[in-house]
There are 2 protein chains.
Amino acid sequence: MKDRLQLVTFTKGELVLDANQVSTKSYFIRKGILRTYFLKDGKEISEYFCSKDEWINSPKSFMQRKTDIYYIDAIETTEAFSLHVNDLVYLFDHFPEMERYSRLSMGTIFGHLMERIASMRFASAKEKYIHFCESYHEIYHRIPLGMIASYIGITQETLSRIRAEK
Amino acid sequence: MKDRLQLVTFTKGELVLDANQVSTKSYFIRKGILRTYFLKDGKEISEYFCSKDEWINSPKSFMQRKTDIYYIDAIETTEAFSLHVNDLVYLFDHFPEMERYSRLSMGTIFGHLMERIASMRFASAKEKYIHFCESYHEIYHRIPLGMIASYIGITQETLSRIRAEK
DNA sequence: GTGATTATTTGATCTAAGTCAAAAGTTTTG
DNA sequence: CAAAACTTTTGACTTAGATCAAATAATCAC
């Protein structure tokens with residue numbers, strides 16, 4: 001197992017995955033922050049952020065072995081263990097109980113996504129920001145304002161004003 | 001297998017799952033429309049709609065065997081096959097290849113959810129409506145206006161005006 | 001360390017969509 | 001089939017947040 005995980009380091013700003021590549025590796029972060037984003041009208045829209053003890057990849061691309069619209073980059077210099085999709089398949093083949101574990105954790109991730117959809121629809125800009133800070137309370141202060149704004153779907157200016165007021 | 005699937009009928013308006021129950025069954029719809037919703041300030045907010053040849057349940061509740069905030073009801077009189085979670089587990093145990101299939105289809109569902117999050121953030125009310133009609137093109141005309149409005153996160157009045165203008 | 005980028009703040013408008021209220025249309029049900 | 005109960009439309013008004021523009025502030029690279 002050990003040799004299937006490779007320790008890699010990405011420097012701040014480095015591109016981890018380009019949107020025209022298939023996401024063949026999952027990264028388990030030891031230190032730092034990685035972020036998934038996509039481009040809309042030439043601007044970067046942040047999709048989510050991952051930090052210590054979390055796995056990151058481009059889900060659809062990784063699971064279906066085809067390209068998707070998502071990029072991954074490093075917001076801070078980051079150390080992570082990388083696991084190749086083939087090795088993951090090997091693990092699933094040899095440890096069938098992993099499938100069950102993976103299926104269960106999907107329930108959790110689903111819950112998060114659905115909650116996020118709910119919060120996107122009915123919250124004011126300020127509530128969205130508060131919700132963001134709560135769901136990323138460990139790292140929200142390490143993420144640049146502009147990236148947070150695009151994550152929650154408001155402009156930088158509005159977010160700057162929200163922060164100023166309290 | 002056959003005896004694990006039960007054909008059930010729900011009349012229009014009937015509650016299929018109450019939020020204080022654990023979702024122990026998945027329904028595969030043969031005819032009609034079922035809908036997942038939750039309550040916010042006493043109002044029903046539609047989460048998604050399912051029709052012919054689709055499976056519906058309360059995902060987090062179903063996968064983790066605990067209650068969640070979602071209700072399911074019938075928008076039209078609906079015929080569906082119900083499959084109990086225990087029987088599904090039985091199938092997973094006896095047909096390991098199902099796990100793989102399920103894991104792969106998760107990729108697709110993930111893609112849909114992520115796309116929806118993206119569309120919620122940057123679309124105008126009109127674009128959200130168009131996006132809704134596209135993703136539910138088979139059934140969008142059978143869903144009441146108010147439910148569509150809450151699904152896409154705008155008011156009924158605004159949706160009514162959008163429809164009027166074109 | 002200093003000039004050059006890049007990120008954030010502040011100010012002045014503008015507009016899409018929300019709110020409240022009431023009228024018109026549809027469905028349901030006894 | 002008529003009254004009641006919903007659903008949808010229309011109107012007048014308000015407001016949160018977008019846009020455009022320019023001034024600071026912070027960070028990076030040589």
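No hydrogens, no waters, no symmetry mates; every other heavy atom, side chains included, goes into these values. To find a chain, count down the sequence lines: A is the first, B the second, and so on, and within it residues start at 1. Please read all numbers here as calculations on a predicted model, not as lab measurements.
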Next on the checklist: If you assign each of I154(B) and K12(B) to its closest nucleotide in DNA chain C, which residue comes earlier from the 5' end?
Outcome noted: I154(B)
Candidates [options] - which lies nearest the side chain of [X]:
X	options	value
Q156(B)	dG11(D), dT8(D), dG17(D)	dT8(D)
A164(B)	dT8(D), dT10(D), dG17(D)	dT10(D)
T158(A)	dA12(D), dG17(D), dT9(D)	dG17(D)

Item to check | Donor-acceptor pair between H84(B) and Q6(B) side chains, under 3.5 angstrom | outcome: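 Not at all, the side chains of H84(B) and Q6(B) share no donor-acceptor pair under 3.5 Å.
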Checklist entry - With a 3.5 Å cut-off and no angle check, do the side chains of S61(B) and D68(B) form a donor-acceptor pair? => result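 There is no such pair (donor and acceptor under 3.5 Å, judged by atom type) between the side chains of S61(B) and D68(B).
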How long is the line joining [atom1] of [X] and [atom2] of [N], in whole Å?
X	N	atom1	atom2	value
R163(A)	dA26(D)	CZ	P	13 Å
Y129(B)	dT8(D)	OH	P	11 Å
M147(A)	dT27(D)	CE	C1'	14 Å
E127(A)	dA16(D)	CD	P	12 Å
E157(A)	dC20(D)	CD	C1'	9 Å
I162(B)	dT8(D)	CD1	P	14 Å
D41(A)	dA18(D)	CG	C1'	15 Å
L159(B)	dT8(D)	CG	C1'	10 Å

Item to check | Y71(B) six-ring centre to R35(B) NZ/CZ under 6.0 Å and within 45° of normal | outcome: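 The answer is no; the distance or angle limit is not met.
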Checklist entry - Is it the case that R163(B) places NZ or CZ above or below the six-membered ring of Y129(B), under 6.0 angstrom from the centre and within 45 degrees of the axis? => result no
Next on the checklist: Going 5' to 3' along DNA chain C, between which two nucleotides do contacts with chain B fall, using a heavy-atom cut-off of 4.0 Å?
Outcome noted: dA17(C) to dT28(C)
Checklist entry - Is the shortest side-chain N to carboxylate O distance from E76(A) to K12(A) below 4.0 Å? => result no
Checklist entry - Are any of T155(A)'s side-chain N or O atoms less than 4.0 Å away from OP1 or OP2 of dA18(D)? => result yes
Next on the checklist: With a 4.0 Å limit, can you tell me whether S160(B) has a side-chain N or O closer than that to the phosphate oxygens OP1/OP2 of dT8(D)?
Outcome noted: no
Item to check | Bend angle of the helix from dG1(C)-dC30(D) to dG30(C)-dC1(D), from helix axes over five pairs at each end, nearest 10° | outcome: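 Inter-axis angle at the termini of the helix from dG1(C)-dC30(D) to dG30(C)-dC1(D): 60°.
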Item to check | ring-ring contact (aromatic ring centres under 6.0 Å, His included) partner of F38(B), chosen from Y151(B), Y70(B), Y48(B) | outcome: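 Only match with F38(B) under ring-ring contact (aromatic ring centres under 6.0 Å, His included): Y70(B).
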Next on the checklist: Given F49(A), which partner from the list Y37(A), Y140(A), Y136(A) fulfils the ring-ring contact (aromatic ring centres under 6.0 Å, His included) test?
Outcome noted: Y136(A)
Next on the checklist: Does any part of the side chain of S119(B), heavy atoms only, come nearer than 4.5 Å to the side chain of E115(B), both counted from C-beta?
Outcome noted: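 No, their side chains stay 4.5 Å or more apart.
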Checklist entry - Can we call the ring centroids of F95(B) and Y101(B) under 6.0 Å apart? => result no
